[in-house]
Amino acid sequence: MPADDTAVTLYVPDAELWEIDEPYLYTVTATLQRRNEAYDEISVKAGVRSFSCSPEKGFILNGKETPLRGVSRHQDKLYKGNALTREEHYQDAKIIKEIGANTIRLAHYQHSQDFYDACDEMGFIVWAEIPFISVFNKAPAAHQNCISQLKELIIQNYNHPSICFWGISNEILIGGISEKLVENHKELNALAKELDSTRLTAIAHVSMTPLESPMHHITDVLSYNHYFGWYGGKMEDNGPWLDRFHALHPDLCLGVSEYGCEGIITYHGAEPACKDYSEEYQARYHEHLAQVFDERPWIWGTHVWNMFDFGCAARNEGGVAGRNNKGLVTIDRKTKKDSFYVYQAYWSKKPMVHLCGKRYAMRSGEMTEIRVYSNQPSVSLYLNGQLVEEKSAKKVFVFTVKLAEGQNRLLAVAGEVKDSMTLEKVENEPDIYVLPEVNERREGVANWFETTGEMDLKAPMEFPEGKWNVKYTMEEFASCPEALEIVSKAVKLASNFDIRPGTGMWDMMKNITPEEILSMTGNMMPEGFLESLNAQLITIDKE
């Protein structure tokens, strides 16, 4: 064909389809020729597949209903930052394949071509997105930057069969909503469709996005970033919320683009609780969410936040500065947390069994709980060579055993697969198992109420003119050091976030009110906490 007419449609008779389990790739070669000589040549891999989303049937690949269940990924690694080699990108993809995931959300920017190649070859459905995040910048140049980023993302990655979704923003309503914000999103969505009419567009909503919002009808599919059971509410709130949204909007394809909680492999306990940062609470949380999503195949896609712990300069949680510890695997890729195996039990087709609590190796008390994850129908547990019990269950098997003094050997057997660990019975568990900050925070909340004195915290909140209250934004409080100090302390106790001018979270959260921040923490805070904060603020003059 002539060099000035490069558009071509290729017909592939009896095409071998690109599937998740068998990602067949064709090689397409373009050669620039003049007479009998090839001047240049380029080849790309491509796949043939069809896909769509249905509000009732979820994601459909090549005509087959295929609920997408997987993870989000940041492309950084300990001591490497984002400078990963091709081998390290492929290592990440192999670990994600090992867990049994079939989808990856690549947050929140364009990732390395090496990783897109790995996804093509290993059969992942990919959501790729631009870094339009949290706070809307009204400047025209900012919108032009989004347009440029989206163009580059789509044009550079058009040929990757793994990519099925273009994401146009993430949690953008943290900074509030406006007509201009909605208009800009519509323009970005139209641009994505103009550049690539074959793929679906997606958006990731912050949890506080209203059930009724003009943002819901812009992209082809939508997802929510929900952290019920970590930043607010209970983990049990997830299912009812999803069912409610689905009932209100039966015409919308709903997904969950982020969910998770911190799990640090140092911290352990027999009674895990929200915000204790223990490996046990993280595992219990994911046990529940995995079941919630398994029972709702109409949810088109779910993405754990996150596959790997990753760097985040703004954070200082769980005694670890500069890092988000929500990964199912540590940032160095050396340790798979117990929560990793929850999903392997749900997603992997390869027989597996996993004994939880290997790092919770020293235990006190007469009896101890042993949790086992497996994708097999039954599990037998042995203690020091003796059969304790054989149980049938779905994915999560719970046993109670009496440990002998000293060392105890446990063995879990599920069909042809086995796993073992050693536990030591001790009088007192090591102090290192509990983060000191956890107890300090509990004491801080209790002491907080002493500052309210005799105030009636059950009375309706008042908002007298000329006084501060919980409905002002954090940025407005910055003009009054006395009020800001009270508000910052309350927010720190409630959310564990340090939100003051100069901190990493300030730019993202400064336009939110304390009332909104505390509402995100739900029932994690004791009754009367918001009222007590407002009661203190209305004693301070607003000049």
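The aromatic rings of His268 and Tyr433 sit perpendicular, their planes meeting at an angle over 60°, well past the 30° parallel limit. Ring orientation note: the planes of Phe228 and His226 are close to parallel, at an angle under 30° on the 30°/60° scale. Aromatic ring orientation, Phe115 versus His111: tilted (interplanar angle from 30° to 60°). Aromatic ring pairs are classed by plane angle as parallel below 30°, tilted from 30° to 60° and perpendicular above 60°; the pair His160 and Tyr116 is tilted. Classification of the Phe51-Phe59 ring pair by plane angle, with boundaries at 30° and 60°, yields parallel.
No salt bridge links Arg69 with Asp294; every basic N to acidic carboxylate O contact stays at or beyond 4.0 Å. We find that Asp117 and Arg86 are joined by a salt bridge, their nearest charged nitrogen and carboxylate oxygen being less than 4.0 Å apart. Look at Glu279 and Lys337 and you find no salt bridge, because none of the NZ, NE, NH1 or NH2 atoms lies under 4.0 Å from a carboxylate O.
Under the 3.5 Å distance criterion, the side-chain polar atoms of Arg199 are matched with a main-chain donor or acceptor of Tyr158. At least one donor-acceptor pair closer than 3.5 Å links the side chain of Thr66 to the backbone N or O of Lys64. No donor-acceptor distance shorter than 3.5 angstrom exists from the side chain of Asn375 to the backbone of Lys349, with no hydrogens or angles considered. Of the possible polar contacts, none joining the Glu129 side chain to the Ile168 backbone as a donor-acceptor pair under 3.5 Å is found.
Phe340 carries Lys336 over the face of its six-membered ring, with the cationic atom under 6.0 Å from the centre and within 45° of the normal. Figure legend: Lys97 and Phe124 shown as a cation-pi pair, the cationic atom lying under 6.0 angstrom from the six-membered ring centre and within 45 degrees of its axis. The side-chain tip of Arg363 points at the ring of Tyr360 from less than 6.0 angstrom away and within 45° of straight on. Both cation-pi conditions hold for Lys326 and Tyr227: the charged atom is under 6.0 angstrom from the six-membered ring centre and inside a 45 degree cone around its axis. With Trp230 as the aromatic partner, Lys275 meets the cation-pi criteria of under 6.0 angstrom to the ring centre and within 45 degrees of the ring axis.
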Under the criterion salt bridge (Lys or Arg N to Asp or Glu O under 4.0 Å), I'd like the reasoning laid out for Glu369 against Arg284: C-alpha separation, chi angles, the key distance, then a yes or no.
CA-CA 13 Å; Glu369 182 180 274; Arg284 301 285 181 87; 2.8 Å; yes

Please lay out, stage by stage, how Asp309 and Thr330 fare under the test side chain to side chain donor-acceptor pair (under 3.5 Å).
CA-CA 5 Å; Asp309 291 345; Thr330 54; 5.7 Å; no

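When each of Leu173, Ile172, Leu222, Ile203 is checked for a side-chain contact (heavy atoms from CB on, under 4.5 Å) with Thr209, only Leu173 meets the rule. Paired with Glu258 under the rule side-chain contact (heavy atoms from CB on, under 4.5 Å), one option of Asn306, Thr302, Asn170, Val206 passes, and it is Asn170.
The closest side-chain heavy-atom distance from Glu19 to Tyr24 is not below 4.5 Å. In this structure the side chain of Ile60 reaches within 4.5 angstrom of the side chain of Lys57, judged on heavy atoms. Contact check for Val379 versus Lys391: no side-chain heavy atoms found under the 4.5 Å cut-off. Residues Met352 and Val417 form no side-chain contact, since every pair of their non-hydrogen atoms from C-beta on lies 4.5 Å or further apart. Taking 4.5 Å as the limit, some side-chain heavy atom of Lys234 sits within range of a side-chain heavy atom of Asp237.
Between the side chains of Asn102 and Trp347, no donor-acceptor pair of N or O atoms lies under 3.5 Å.
Considering CG of Leu423 and CD of Gln407, their distance stands at 9.0 Å, rounded to 0.5 Å. How far OG of Ser223 is from OH of Tyr259: 11.5 Å, rounded to the nearest 0.5 Å. Between the CD atom in Gln75 and the CZ atom in Phe308 there is a gap of 12.0 Å [rounded to 0.5 Å].
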